[in-house]
Amino acid sequence: MRMKRIMAAALTLMFAAGNATVAFAMEKEASEVVSTLAEMEEESVVVVLAEPEKEFAVETSTAADLTEQELTAVTLNEVAHSIFYAPQYVAIELGYFEEEGIDLTVVTGFGADKTMTALISGEADIGFMGAESSIYTYSGGAADAPVNFAQLTQRAGNFVVARENTDDFEWSDLVGKDVLGGRAGGMPEMVFEFILKQNGIDPSEVNINQSIDFGSTAAAFSGGQGDYTIEFEPSATALEQEGVGYVVESLGVESGYVPYTAYCAKSGYLTEHPDVIQAFTNALQKGMDYVNTHTPEEIADVIAPQFPENDAETITAIVERYYEQDTWKEDLIFEEESFELLQDILESAGELEARVPYEDLVTTTFAENAVQ
């Protein structure tokens, strides 16, 4: 909370040389002034003392004002606003970004393509999306290609939502059915197709609708489109609460560990502002540490302001669902093995003509520093 700045008038006190009584009295008076100012509502005191026999001044200002003077503005464009990204919202709500000197503005892009566009155009300093977008951009010959510097999630965060509740869902149930999928070439859709193949199903055997914008599939499903839909939270739970859909399978559990979402910035920005990227990564690591050492109930309580449309019980249930499937990494290091798995998924989906070098699109320096 931003607080008004209160300035105390300068106090000029001369310590009388050799007169301990006078010096003590003046020092006591100054101490009382400082004490009074410190009691003012939500104020902190900054005291600058001069050398003996030199004047000194007492000035008060709020902690927020001091922070405001030092914060660096950073705009983050996130692919979606989802409880799936709980560590980020913990870092926001607990003030970790401010602690690291960052005044963070978060914009939701509603799709990796839109988030990447915002990053490339300079509307955003940092992009948060599937790392496949950086591969596409690099492969397209971008001069200042984005580089991934932190990985947040290690499992897919979406779920299969059916029209009817069932405890014996099989992937073969999707054959010949209409499924509201994700954008072609995006992580949600590619992981979905990857899972189908792992279960012996050619994606062509499923009628996958890829024409609906990210974030609009739940509304379309609620409106009657599709036999199944692939949804993130809180949309999956919202459909259950409406009584129009039921979560029958987790893509995160079925697909195993995959580098689902990561933070990236243009290489030029990383070079010019390494201190900002390090501070940003430090704040994220604090959020990651929190979710890995607290209960779903505690996590839900912290991030609740980010999701005012959901009640505490709903948020807790969603956090617990992600918590139990080991969604979040313990650190933010985007390892080479994970990057190669991502390229395996891209190749499987027919979205990658040639593999790209890990060292050109990933840096682990900031994440490694953050855990030290």
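In what follows, residues are counted from 1 in the order of the sequence shown. A quick note: this is a predicted structure, and the numbers were derived from the prediction, not measured.
Residues Val90 and Val291 meet the side-chain proximity criterion, which asks for heavy atoms closer than 4.5 Å. Annotation: side chain of Ile345 is not in contact with side chain of Glu193 (no heavy-atom distance under 4.5 Å). Under the 4.5 Å side-chain criterion, counting only non-hydrogen atoms from C-beta, Phe84 is not in contact with Asn158. Side-chain atoms of Leu239 and Phe221, non-hydrogen and from C-beta on, do get closer than 4.5 Å to each other. A 4.5 Å side-chain heavy-atom check between Tyr290 and Pro87 finds every atom pair outside the cut-off. Considering only heavy atoms from C-beta on, Gln306 comes within 4.5 Å of Glu93 through its side chain. Glu98 has its side chain out of reach of Asp103: every pair of non-hydrogen atoms, C-beta onward, lies at least 4.5 Å apart. At a threshold of 4.5 Å between non-hydrogen side-chain atoms, the residues Met129 and Glu78 do not count as touching.
Considering only residues two or more places apart in sequence or on other chains, Glu231 meets the salt bridge (charged side-chain N to carboxylate O under 4.0 Å, His left out) condition with none of them.
In this structure, the separation between CG on Leu342 and CD on Glu347 is 10.5 Å, given to the nearest 0.5 Å.
In plain terms, the two heavy atoms of Ala236 and Val247 that are nearest each other are CB-CG2, 3.8 Å. Closest heavy-atom contact between Pro146 and Leu361: O-CD2, 3.5 Å. Between Ala156 and Ser255, the shortest heavy-atom distance links the atoms CB-OG, 4.0 Å. For the residue pair Gln151 and Val258, the shortest heavy atom distance occurs at NE2-O, 4.2 Å. Of all the heavy atoms in Ile195 and Glu254, the pair that sits closest is CG2-CG, 3.3 Å. Annotation for Gly186 and Glu132: closest pair CA-OE2, 4.0 Å, computed over non-hydrogen atoms.
Ring geometry for Phe280 against Phe97 counts as tilted: the plane angle lies between 30° and 60°, on a 0 to 90° scale. Using a 30° and 60° split on the angle between ring planes, Tyr322 and Phe159 fall in the tilted class, from 30° to 60°. Relative orientation of the Trp171 and Phe192 rings is tilted, given thresholds of 30° and 60° on the angle between their planes. Under the 30°/60° scheme for interplanar angles, the aromatic rings of Tyr89 and Phe307 are found to stand perpendicular.
A distance-only check finds no donor-acceptor pair linking the side chain of Ser338 to the backbone of Phe334 [under 3.5 Å]. Formation of a donor-acceptor pair under 3.5 Å by the Thr295 side chain with backbone atoms of Glu298 is found in this model. Side chain of Ser348 to backbone of Asp344: no donor-acceptor contact under 3.5 angstrom is found. Checking side-chain atoms of Lys329 against main-chain N and O of Ile333 turns up a donor-acceptor pair under 3.5 Å. Between the Asp144 side chain and the Ser267 main chain, a donor and an acceptor come within less than 3.5 Å of each other.
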Working note: Leu76 + Thr105, criterion side-chain contact (heavy atoms from CB on, under 4.5 Å); need CA distance, chi angles, decisive distance, verdict. CA-CA 6 Å; Leu76 166 68; Thr105 296; over 6 Å; no
Ser250/Gln325 under side-chain hydrogen bond (donor to acceptor under 3.5 Å, both in side chains): CA gap, chis, key distance, verdict: CA-CA 9 Å; Ser250 165; Gln325 71 175 37; 2.8 Å; yes
With side-chain hydrogen bond (donor to acceptor under 3.5 Å, both in side chains) as the test, would you mind laying out the steps for Asp331 and Gln285 before giving the verdict? CA-CA 7 Å; Asp331 57 53; Gln285 184 61 57; over 6 Å; no
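Residues Thr261 and Thr153 have side chains that bring a donor and an acceptor to within less than 3.5 angstrom of each other. Neither side chain, Glu123 nor Asn77, offers a donor N or O lying under 3.5 Å from an acceptor on the other. A donor-acceptor pair shorter than 3.5 Å can be found between the side chains of Ser222 and Glu242. Checked by atom type, the side-chain pair Ser216/Asp213 shows no donor-acceptor distance below 3.5 Å. Looking only at atom types and distance, the side chain of Asn148 has no donor-acceptor partner in the side chain of Tyr263 under 3.5 Å away.
A single hydrophobic cluster is seen to contain both Val106 and Ile277, as judged by linkage of ILVMFWY side chains at heavy-atom distances under 4.5 Å, directly or through other members. Both Tyr358 and Tyr260 are members of a single hydrophobic cluster when ILVMFWY side chains are connected at heavy-atom separations under 4.5 Å. Clustering ILVMFWY residues whenever any of their side-chain heavy atoms sit less than 4.5 angstrom apart, transitively, puts Leu119 in a cluster other than the one holding Val107. At a threshold of 4.5 Å between side-chain heavy atoms, the hydrophobic network of Ile, Leu, Val, Met, Phe, Trp and Tyr places Leu180 and Tyr246 in two separate groups. In the hydrophobic cluster analysis, where Ile, Leu, Val, Met, Phe, Trp and Tyr join through side-chain heavy atoms closer than 4.5 angstrom, Ile201 is grouped together with Phe194.
A salt bridge links Arg321 to Glu233: at least one charged side-chain nitrogen sits closer than 4.0 Å to a carboxylate oxygen. Ionic pairing of Asp178 and Arg163 is not present here: no N-O contact between side-chain nitrogen and carboxylate oxygen is shorter than 4.0 angstrom.
Within 6.0 Å of CD on Glu353 lie no more than 12 heavy atoms contributed by other residues, nucleotides or ligands. Under a cut-off of 6.0 angstrom, the local environment of CD in Glu330 is sparse, with at most 12 non-hydrogen atoms contributed by other residues, nucleotides or ligands.
Both tests hold for Arg155 against Tyr257: distance to the six-membered ring centre under 6.0 Å, angle to the ring axis within 45°.
Among Leu346, Asp113, Val356, the single residue meeting the side chain to side chain contact (heavy atoms under 4.5 Å, CB included) criterion with Tyr136 is Leu346.
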